[in-house]
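The structure appears right after this line, and notes come after that.
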Amino acid sequence: MKLLKFGGTSLANAEKFLCVANIIEKNKNNEQVAIVLSAPAKITNYLVNIVEKNIKINEILDQIKFAENIFIKIIQTITKIQSCFLYEETKKIINIEFNKLKQIINDFISLKTYPENIQAIIMSRGEILSICIMKNILKSRNHKVTVINPIENIISTGSFLNSTVSINESKKRISQMTINSNNIILMPGFISGNKKGELVLLGRNGSDYSAAILACCLNAKLCEIWTDVDGVFTSDPNKISNTFLLKSISYEEAMELSYFGAKVLHPRTIKPLKKFNIPCVIKNTSNIEAKGTLICEKSNNKNILKGVTNIDDVVMFTIPGDLLKQKNHGIVHILNLLEKENINIILITQSSSKNNFSFCTLEKETQKILILLSKSFKIELKENFLNNINIIKNLSILSVIGFDISQKYDIASKIFSSLGKSKINILAIAQGSSKYSISLVIKKEKILTSMQIVHNALFHNQKTINVFLIGIGGVGKSLIKQILKQKNFLAKKNIEIKIRIIANSKKILFLDDSIDLKNWETAFKESKEKFNLEILNTVLKNNYFLNSVLIDCTSDEILSKQYVNFFSKGFHVITSSKKANTSSLKYYNEIKTTALKEDKKFLYETNVGAGLPVIQTLQNLFNTGDNLICFKGILSGSLSFIFGKLEENILLSDATKKAKDLGFTEPNPCDDLSGIDVARKLLILAREVGYEIELEDIKIEPILPEYFKQCKNTEEFLYKLKEMDIPFLERIKKARDLGKVLRFVGTIEKGGKCSVKIEEINSNNPLYKVKNGENALTFYTNYYQPIPLVLRGYGAGNNVTASGVFSDLLRIIL
Ligand code: ADP
Ligand code: ASP
Ligand code: MG
């Protein structure tokens, strides 16, 4: 004997009913089968709406009509596909059931609420009709069917809406039935009967429980629960991405998963199966061949961790210790009180110093609990009581389930650090009471994000970096290109880069899974979302991703003034802009101390030498005890090009024009020749090695006389520059006669004196050969002398700069 249970998701329409009939027939070929059915998807919800919501009679009648029509539509379609289906007979039963429903509602509408026994009758109509339809499908295929009436045979105690079955009594009753071994056994799920023979329910989702009970009563060798997913996953696959199917789990693990919210199984399903050692398989009606999840005594799944689950709509009561003290065994008293009323306590914590006691239940119990508590504590505390207890609503409980989970030292730490890094607050924790779970209380609005974060942290080695990119000029664009190109390469190292927003000064694009990064430019063009600092701050404030990085590829000074604020919002900052590091020493220090305090990274490798590993190299040297003696470097690509050309006897004005045409200079080359950009880079280096200086402290020896600054535009500047051709030719010649070349050099001397100027360089100097747009940086340090440490290579260009930003990005997790 095999038991098969089909949930509402497997009976959502006519085609699904027929597909279920096929599965039943296929199984019947091998052995006798017993079938438990739920109501078609959503039907119970409509019926619950009728009894729970205080709605007007005509709205109720509309709901009933709506539900009735769903059944009529199902049988109309079945009739078209399934020959010999008894349409009229089935329709008559549907009509009778719904008329009965209308009659009941008419009888009770004058009362504000329906008595629970009546609620149970109303809510159970879906299951009754599912069985009626399936019976007639099977009959039309010439099968003999026995329908078990659960009110007479599945006996339970408890409330009308949430009863617990007595297996012994039910087993006795079922064994007294005579069932032909050829017959297909059918039974509606969710329903049972009390000792008085009244209809009672087994709680929402209770058909799974019915199935387990019937499997025990019939001594079935297997219980199959058919649903709409391939089995039990490490988290709800419809809510959380990248979940894994669990091929097998133990009874205990399944109990814990379902108790803490894995809706795929009703929490009470497993206990009876475990008692009678009946294995259970969760299978997918839409993927019949898939093996599903086997639940049995011992799972062969060696992984300790099994899943991340949630229970929503939770409320937490905190009772202060001094109130509890006034009652004998205060905590026990409360627990008894709630148990008597069948109120399920999901989680309990107690603080040691003040002896406060907190417990969580479902939010719908709040009013009932308040009444219970105020009645029970009336004498001790008079009307004060309710003011003293703290009630927090809109909570969820996140649980991590696994085998002997509390013995593994790194699981709790991974959970807490991943949530902490994502700025998610944990209101209460329970670990240790069960060796199978750790549970946390979290605000409901954060539960999905929290589950995804915890699931990623526990089940994936994958490290995800979340990028918020501002600035899509040359560098920003190249960066996106490089990220796209490296996707597969990084995936092999379990690294994923997710760009969450792309913005320029005007617009912002939010990238979710519906937008392929490859098409970002089109999506950006189409985006209508405006960008400004206020919007950015709101976006960042509401971000809870782990490893979130703001990348600034703009040259916007106002944005650079926000870095401190970004750190406080939980962001690392990477910038290709020099604005922040060359601002006042005060702000520079503030950035550094805030990043340290917030434990966030501030990376700006591309500020000096573009992609060349300058800053990181310096930091490595200084972290390990080295000291700078002196620095000399060619820090400007455009000036490296121009001075290189001069020694080939090209005139200064021609060399400058060529550099401009090749795109090596700023729009107006006057800015390059002013030397200010080199001074900025030198400032960043000097500050990096610990000199507390401002930009004004750097002595700039100008390449050109002061009056060049008065040129109105580039053309005028380039024209005027010809005046300097001869003096420069002469200067070059003089140097050449001494075996030297001219270079524009930035210098940091011991003590922090900094200057930028044209220098004559001899052939022994590492800067002698540096031209064609290359940068070169020579560091004379305690470790590197008399031969200096030299870094040399292209120090400008979108690709090298973007790759520098990219390598900063990877340093966030490496
Ligand atoms: P049925 O109508 O078949 O009883 P349910 O909706 O009650 O179906 O249960 C199946 C649903 O359970 C799935 O669609 C899925 O969204 C949800 N679910 C929650 N947690 C899990 C989990 N850990 N594994 C699989 N499904 C889960
Ligand atoms: N139909 C009932 C419900 O929706 C029982 C079940 O589906 O298991 O709760
Ligand atoms: Mg279910």
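Centroid-to-centroid, the aromatic rings of F244 and F233 stay 6.0 Å apart or farther.
Residue-environment remark: NZ (K423) exceeds the threshold of 12 foreign heavy atoms within 6.0 Å. Within a 6.0 Å radius of NZ in K541, no more than 12 heavy atoms belonging to other residues, nucleotides or ligands are found. Around the NZ atom of K102, the shell of radius 6.0 Å holds more than 12 heavy atoms that belong to other residues, nucleotides or ligands. Counting non-hydrogen atoms of other residues, nucleotides and ligands closer than 6.0 Å to CD of E198 gives a total above 12.
Using a 4.5 Å cut-off on side-chain heavy atoms (C-beta onward), F545 and N456 make no contact. You'll find the side chain of V454 reaches within 4.5 Å of the side chain of L419, heavy atoms only. A heavy-atom distance below 4.5 Å is not found between the side chains of V165 and I155. Looking at heavy atoms from C-beta onward, F317 lies in side-chain contact with L370 at the 4.5 angstrom threshold. Side-chain contact between Q452 and V308 is absent, with no heavy-atom pair separated by less than 4.5 Å. Using a 4.5 Å heavy-atom threshold, the side chains of I167 and I213 count as touching. Within the 4.5 Å cutoff, side-chain heavy atoms of L101 are placed close to those of L47. No side-chain heavy atom of F403 sits under 4.5 Å from any side-chain heavy atom of S299.
No donor-acceptor pair closer than 3.5 Å links the side chain of N303 to the backbone N or O of L305. Formation of a donor-acceptor pair under 3.5 Å by the T309 side chain with backbone atoms of F260 is found in this model. Side-chain atoms of S258 come within 3.5 Å of backbone atoms of M255 as a donor-acceptor pair (strictly under, hydrogens ignored). Side-chain atoms of S422 come within 3.5 Å of backbone atoms of S418 as a donor-acceptor pair (strictly under, hydrogens ignored). For the pair E127 (side chain) and S38 (backbone), a donor-acceptor distance under 3.5 Å is absent. Formation of a donor-acceptor pair under 3.5 Å by the R173 side chain with backbone atoms of E152 is found in this model.
Nearest heavy atom pair, residue T243 against residue S235, reads CG2-O, 3.4 Å. For the pair N356 and P320, the tightest heavy-atom approach, listed with the atom from each and the gap, is OD1-CA, 3.2 Å. Shown here for L37 and S207, the closest heavy-atom pair between the two residues is O-OG, 4.2 Å. Of all the heavy atoms in F17 and L11, the pair that sits closest is CE1-O, 3.4 Å. The two residues V229 and P237 make their nearest non-hydrogen contact at CG1-CG, 3.8 Å. Of all heavy-atom pairs spanning L245 and G292, the tightest one is CD2-O, 4.4 Å.
Using the six-membered ring where Trp is involved, Y209 and H266 have ring planes that are parallel, under 30° apart on the 30 and 60° scheme.
Ion pair E253/K306 flagged as a salt bridge, since at least one NZ, NE, NH1 or NH2 atom sits closer than 4.0 Å to an Asp/Glu carboxylate oxygen. The pair K274-E252 counts as a salt bridge, with a side-chain nitrogen and a carboxylate oxygen less than 4.0 angstrom apart. A salt bridge is absent between K263 and D236: the closest approach of a Lys/Arg side-chain nitrogen to an acidic carboxylate oxygen does not fall below 4.0 angstrom.
Here the straight-line distance linking atom CZ of F108 with atom CD1 of I118 works out to 3.5 Å at 0.5 Å rounding. Here the CD1 atom belonging to I94 is positioned 6.5 Å from the SG atom belonging to C132, to the nearest 0.5 angstrom. Atoms CG and CZ, from L61 and F66 in turn, are 15.0 Å apart once rounded to the nearest 0.5 Å. To the nearest 0.5 Å, the span separating CD1 on I311 from CD on E363 amounts to 13.5 Å. To the nearest 0.5 Å, atoms CD1 (I278) and CG (L3) are separated by 8.0 Å. The structure places CD1 of I331 at 12.5 Å from NE2 of H333, a figure rounded to the nearest 0.5 Å.
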Start with the C-alpha gap between L201 and F160, add the side-chain angles, then the distance that decides, and say whether side chain to side chain contact (heavy atoms under 4.5 Å, CB included) holds. CA-CA 6 Å; L201 296 180; F160 279 101; over 6 Å; no

Run the salt bridge (charged side-chain N to carboxylate O under 4.0 Å, His left out) test on K283 and E224 for me, step by step, so that the C-alpha distance in whole Å, both residues' side-chain angles and the decisive distance to 0.1 Å come before the verdict. CA-CA 7 Å; K283 286 184 72 85; E224 284 182 354; 5.4 Å; no

Begin from the C-alpha positions of I426 and V441 and carry the test side chain to side chain contact (heavy atoms under 4.5 Å, CB included) through to its verdict. CA-CA 6 Å; I426 300 164; V441 182; 5.9 Å; no

Can K5 and D208 be said to form a salt bridge (charged side-chain N to carboxylate O under 4.0 Å, His left out), step by step? CA-CA 7 Å; K5 177 257 168 177; D208 300 331; 2.5 Å; yes

Step by step, would you call F357 with I348 a side chain to side chain contact (heavy atoms under 4.5 Å, CB included)? CA-CA 8 Å; F357 167 62; I348 294 173; 3.2 Å; yes

Derivation and outcome, side chain to side chain contact (heavy atoms under 4.5 Å, CB included), residues T285 and D228: CA-CA 6 Å; T285 324; D228 63 343; over 6 Å; no

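A donor atom on one side chain and an acceptor atom on the other are found under 3.5 Å apart for E68 and N95. Side-chain contact check for E297 and S250: no donor-acceptor pair (N or O, by modelled atom type) lies under 3.5 Å. A donor and an acceptor atom, one from each side chain of N99 and Q103, are nowhere located under 3.5 Å apart. N219 and K171 form a side-chain donor-acceptor contact under 3.5 Å, judged by distance and modelled atom types alone. Between the side chains of H455 and T234, at least one donor-acceptor pair of N or O atoms lies under 3.5 Å.
Remark: of the listed residues S210, S156, S166, S156 is the sole one forming a side-chain hydrogen bond (donor to acceptor under 3.5 Å, both in side chains) with S192. The one candidate from L246, L294, T227 that meets the side chain to side chain contact (heavy atoms under 4.5 Å, CB included) condition with V232 is L246. With N162 as reference, R268 is the one residue of R268, E116, R204 to meet the side-chain hydrogen bond (donor to acceptor under 3.5 Å, both in side chains) rule.
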Show me, pair by pair, the donor-acceptor contacts under 3.5 angstrom made by side chains of residues 391-402, not counting sequence neighbours?
unit_1: S396; atom_1: OG; unit_2: D312; atom_2: OD1; d: 2.7
unit_1: S399; atom_1: OG; unit_2: S439; atom_2: OG; d: 2.8

